[in-house]
A.B. asks: 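Mind looking over this structure? Questions follow.
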Amino acid sequence: MKQLVTFAACAALTAGIAAADSHAFRGIIGDAANIEKDAQAISYALKPKMFDSAKIRADVEQLGVHIATLRKDVETLDGNLASLSAQQQTDWELVKTKVQLLTIFYDRKNDLMNGDLMKNRSLIRANADGIAKRARMLQQTASRLDR
């Protein structure tokens with residue numbers, strides 16, 4: 001009887017940890033969706049010949065906030081993961097790599113924004129498209145972990 005109670009307590013604890021992990025994965029998916037939306041907005045705003053540079057700079061700043069939130073969420077979850085299967089561990093490593101790539105892309109975008117915005121417009125737009133694409137890929141990977 002004592003073993004049955006101990007087993008039930010362990011199962012409940014494991015289920016609680018799994019639910020917390022699932023909630024955290026959904027947070028990462030949401031962060032990535034916000035990043036994708038921000039990057040698409042920047043790309044779209046750069047299309048017209050006469051664009052609002054103040055709005056674009058504000059959008060880039062918002063993108064930075066969302067990337068910082070994503071990094072914080074991943075760092076927090078990284079140390080608190082329950083046991084993962086081999087496939088889940090591979091997916092988790094992919095998530096961390098994609099977050100690093102998003103950070104690199106964002107840093108490059110900031111470098112381009114500090115220069116001549118009109119001159120760097122096509123590079124900034126391509127960079128924003130790359131961020132949106134990688135954010136979409138991150139959402140897909142994190143969704144596999146959420147199952």
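Both backbone and side-chain heavy atoms feed into the values below; hydrogens, waters and symmetry mates do not. Positions are given from 1, in the same order as the sequence printed here.
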A.B. asks: Using modelled atom types and a 3.5 Å cut-off, is there a donor and acceptor pairing between side-chain atoms of Arg134 and backbone atoms of Gly130?
C.D. replies: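 Judged by distance alone, yes, a pair lies under 3.5 Å.
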A.B. asks: Can you name the closest pair of heavy atoms from Ala32 and Ala135 and give their distance?
C.D. replies: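 Reported closest heavy-atom pair: O-CB, 3.4 Å.
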A.B. asks: Assess whether side-chain contact (heavy atoms from CB on, under 4.5 Å) is satisfied between Val95 and Phe25, documenting all intermediate values.
C.D. replies: CA-CA 10 Å; Val95 164; Phe25 292 136; over 6 Å; no
A.B. asks: Run the side chain to side chain contact (heavy atoms under 4.5 Å, CB included) test against Gln88 and tell me which residues pass, sequence neighbours left out.
C.D. replies: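 With neighbours one apart ignored, the set is Leu84, Ser85, Leu145.
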A.B. asks: Which pair of non-hydrogen atoms, one from Ala39 and one from Ala132, has the smallest distance, and what is that distance?
C.D. replies: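 Here Ala39 and Ala132 meet closest at CB-N, 3.7 Å.
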A.B. asks: Can you measure from CD (Glu61) to CD1 (Ile56) and round to the nearest 0.5 angstrom?
C.D. replies: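 One gets 14.0 Å once the value is rounded to the nearest 0.5 Å.
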A.B. asks: What closest approach, in Å, do Trp92 and Val74 show between heavy atoms, and which atom pair accounts for it?
C.D. replies: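 The answer is CZ2-O, 3.7 Å.
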A.B. asks: Would you list the atom pairs, donor with acceptor, under 3.5 Å between side chains in residues 113-124 and any protein atom, with sequence neighbours excluded?
C.D. replies:
{"unit_1": "Asn114", "atom_1": "ND2", "unit_2": "Asn110", "atom_2": "O", "d": "3.2"}
{"unit_1": "Asp116", "atom_1": "OD1", "unit_2": "Met118", "atom_2": "N", "d": "3.2"}
{"unit_1": "Asn120", "atom_1": "ND2", "unit_2": "Leu112", "atom_2": "O", "d": "3.0"}
{"unit_1": "Asn120", "atom_1": "ND2", "unit_2": "Asp116", "atom_2": "O", "d": "3.4"}
{"unit_1": "Arg121", "atom_1": "NE", "unit_2": "Leu46", "atom_2": "O", "d": "3.2"}
{"unit_1": "Arg121", "atom_1": "NH1", "unit_2": "Pro48", "atom_2": "O", "d": "3.1"}

A.B. asks: Can Asp31 and Thr69 be counted as having a side-chain donor-acceptor contact under 3.5 angstrom?
C.D. replies: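 Result is no, nothing qualifies.
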A.B. asks: Calculate, to the nearest 0.5 Å, the distance between atoms CZ and CD1 belonging to Arg108 and Ile104 respectively.
C.D. replies: 12.5 Å
A.B. asks: At what distance, to the nearest 0.5 angstrom, does CG of Asp73 lie from NE2 of His66?
C.D. replies: 11.0 Å
A.B. asks: Tell me the closest heavy-atom pair linking Asp38 and Leu63, and the distance in Å.
C.D. replies: OD2-CA, 3.5 Å
A.B. asks: Does the distance from a Lys or Arg side-chain N to an Asp or Glu carboxylate O, for Lys72 and Glu75, drop under 4.0 Å?
C.D. replies: no
A.B. asks: Could you see if Phe51 belongs to whatever hydrophobic cluster contains Val60? Use Ile, Leu, Val, Met, Phe, Trp, Tyr and a side-chain cutoff under 4.5 Å.
C.D. replies: yes
A.B. asks: With a 4.0 Å cut-off, would you call Lys133 and Asp129 a salt bridge?
C.D. replies: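 Here Lys133 does not pair with Asp129 in a salt bridge, since their nearest N and O are not under 4.0 Å apart.
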A.B. asks: Using 0.5 Å steps for rounding, measure from the NZ atom of Lys98 to the CD atom of Gln139.
C.D. replies: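 Those atoms lie 10.5 Å apart.
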A.B. asks: Distance from Asp91 atom CG to Gln140 atom CD, nearest 0.5 Å?
C.D. replies: 11.5 Å
A.B. asks: Walk me through whether Leu138 and Leu70 qualify under side-chain contact (heavy atoms from CB on, under 4.5 Å).
C.D. replies: CA-CA 11 Å; Leu138 175 60; Leu70 173 66; 3.6 Å; yes
A.B. asks: Would one find more than 12 heavy atoms of other residues, nucleotides or ligands at under 6.0 Å from atom CZ of Arg125?
C.D. replies: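 For Arg125, atom CZ is crowded (more than 12 foreign heavy atoms under 6.0 Å).
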A.B. asks: Atom CD in Gln87, atom CD in Gln89: separation rounded to 0.5 Å?
C.D. replies: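 Going from CD on Gln87 over to CD on Gln89, the span is 10.5 Å.
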A.B. asks: Where do Leu102 and Ile131 come nearest, in terms of heavy atoms and distance?
C.D. replies: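 Here Leu102 and Ile131 meet closest at CD2-O, 3.6 Å.
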